[in-house]
Amino acid sequence: MGDLASYRLSDFILFSQTAYYRQFELYNQSIWPLHCVAILFALMIFYALWKNPVGAGRSVALLFVVSWVWVAWAFLYQRFYQIHVVADWYAFGFILQAGLIAWYGVIKNRFTLSVESRPKVKIGSGLLFIALVVYPFIAVISGRSWMQFEMFSLAPDPTVLATLAMLLFYKASIILYVIPSIWILLSVITLFGMQ
Amino acid sequence: MKNQYNRTRRRLLQGMALAVSGLIVPGFAQARTRALITKPIPSTNEKIPVIGLGSSRTFNVGNDPLGLNNVAEVMRHFINAGGKLIDSSPMYGSSQPAIGYGLKKTGKANDIFSADKVWSWNSDLGPEQMEQSRQYWGVDSFDLMQVHNLVEWKDHLKTLSRMKQQGKIRYVGITTSHGRRHDELEDIMKTQALDFVQFSYNIINREVEQRLLPLAKQRGIAVIINRPFQRGDLIDKLKDKPLPGWASTIECKNWPQYLLKFIVSHPAVTCTIPATTQVEHVKENMMACFGSLPDTAMRMRMIDYVEKII
């Protein structure tokens, strides 16, 4: 395995920007009308944060578990793995994160809304706004086809950003931040590595 | 051996067909009247054109129909211009199936020189991986099989040597890129029986001129050069700079031709494998396969000019 040390992560970015964003276009075409479900998920999260009804923490956690599993299977493994030789490992990481959220948020029911820290709420609100509202329009803003949009609970980046926001709003174990943080790093490397 | 016989026979027939088509279609005849620059593979003296086609990044399009058809178009123009050597690897995602799609669509599977790689840290899985690659390409057998980036090279080279003896492949090679692990590669070149070696070289990164290229010449190993444009960075740096007037004396009309002719004019280099997603670029690249190549004095002039303006 000593040979592996001679590789950099960017060496594995062996696809072009065009091929990468075309994957989103083909994916969006193939899963329509699941986007309506994703919008419903987003509205449910906003409602849970606004009204904080009984069982909101567990319900929100469940939405995120479904989202992470779906992204792992439908996008990372079925789609992204076609052009990215390590995307199966990414999918594994997403399943692991889904398991962690399920354990802490659904089974242990440890997600309780916390608005004690104003910086946390501000950062969380910002991340949630970017993930749920801004992200779907980034393709068009960047001059790409609107069909290449990325939505929360369907595409990895907005799902991860929304997860980080959720973790800031709800008291959550530090371990739940690990995989989303690694993903942010990988995503930045990918986006720059393609250029 | 039967495969090799069939291949030779097919190539003879293709040569005759080309000659006939040259008589019938004037435009085609004009392109064909200009001699394609080829160089011999030292171990057999078989000649291949000095410009090949890489597939890293550019052919990795998944199952995108638009992407696959674009790959097929690039391949069609490459082969129609006289190109032969197409290089890929299991590491390049879906590039191998895309090449298979292109070969099937163009019907040119027998016209190319197929070069692929084995890339597995488990050498026991090498034969299975190579068979999978062959099926992706849709070819009877590979012309050249290389150990990718020196991965588990000792065991893989034993397997490749055995496959060559059995007539399953015609040539054995080993690759590296990005200027990595040259000391180890040098040792391998000194001690192993290799037909081909592949590494990176371009007009501003000429470290391999010191040891690896002279060693390849001395040992009779064919050399494939990858990353001739530094993954496009060199073109980006030069595209707005003026091409020197004297470039026309070596029949260079643009920077890609200038950079490619510099590389393939090195006496130890057999060919280079620029990769592209664009038909116009493959046409430009293939024009470097025609006309004259720079001599030593001209090569020095080319280096001086680029180093002054970059």
Side-chain angles (χ1 to χ4, degrees), chain A residues 1-32 71 73-91 139 144-150 155-156 186 189-195, chain B residues 54-71 88-98 118-123 129 136 147-156 174-185 200 226-227 231-233 236 275-278:
Chain A
M1 293 297 283
D3 298 325
L4 202 55
S6 72
Y7 286 87
R8 289 179 301 229
L9 191 64
S10 60
D11 292 341
F12 292 94
I13 313 296
L14 291 170
F15 46 84
S16 63
Q17 273 185 330
T18 305
Y20 176 71
Y21 290 121
R22 274 287 290 169
Q23 295 306 308
F24 286 103
E25 191 167 346
L26 295 166
Y27 173 64
N28 284 327
Q29 285 169 0
S30 68
I31 63 170
W32 170 258
V71 172
W73 171 251
F75 184 77
L76 294 174
Y77 191 70
Q78 294 285 332
R79 183 66 58 179
F80 197 27
Y81 187 38
Q82 286 180 28
I83 62 166
H84 198 20
V85 290
V86 294
D88 53 341
W89 286 95
Y90 294 169
R144 291 185 274 118
S145 162
W146 72 272
M147 277 298 289
Q148 296 175 357
F149 63 86
E150 296 166 59
L186 289 172
I189 290 170
T190 302
L191 295 174
F192 279 98
M194 288 189 300
Q195 289 170 3
Chain B
S55 63
S56 171
R57 288 184 94 227
T58 50
F59 284 7
N60 186 10
V61 295
N63 61 3
D64 177 6
L66 284 180
L68 287 167
N69 286 330
N70 186 59
V71 168
S88 193
S89 167
M91 190 187 176
Y92 304 161
S94 58
S95 295
Q96 295 177 112
V118 57
W119 178 65
S120 172
W121 279 271
N122 182 346
S123 56
Q129 186 184 65
Y136 281 143
V147 179
H148 191 138
N149 274 2
L150 313 191
V151 171
E152 293 298 323
W153 64 267
K154 285 179 185 165
D155 290 337
H156 284 315
I174 193 161
T175 79
T176 185
S177 61
H178 302 71
R180 285 192 210 127
R181 299 172 68 187
H182 281 181
D183 290 343
E184 193 175 355
L185 181 63
S200 305
N226 57 39
R227 293 171 60 87
R231 204 171 164 175
D233 289 353
D236 288 342
T276 180
T277 57
Q278 295 183 42

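Chain A is the first sequence line, chain B the second, and so forth, proteins listed ahead of strands; every chain is numbered from 1. No hydrogens, no waters, no symmetry mates; every other heavy atom, side chains included, goes into these values. Worth saying up front: this structure is predicted, and the values here are computed from it rather than measured.
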Under 3.5 Å, is there a donor-acceptor pair between the B:Thr175 and B:His148 side chains? no
Which salt bridge (Lys or Arg N to Asp or Glu O under 4.0 Å) pairs, counting each pair once, include a residue from residues 22-32 of chain A, with sequence neighbours left out? A:Arg22-A:Glu25, A:Arg22-B:Asp64
Using heavy-atom distances under 4.5 Å, tell me whether B:Pro97 contacts chain A through its side chain, its backbone, both, or neither. neither
Under the ring-ring contact (aromatic ring centres under 6.0 Å, His included) test, which residues partner A:Phe15, sequence neighbours left out? A:Tyr20, A:Phe80, A:His84
Please classify the contact of A:Ile83 with chain B as side chain, backbone, both or neither, using a heavy-atom distance under 4.5 Å. both
Does A:Tyr81 reach the side chain of A:Leu76, with side-chain heavy atoms less than 4.5 Å apart? no
Pick from B:Thr58, B:Thr176, B:Thr277, B:Val61 with the largest number of heavy-atom pairs that fall under 4.5 Å of chain A: B:Val61
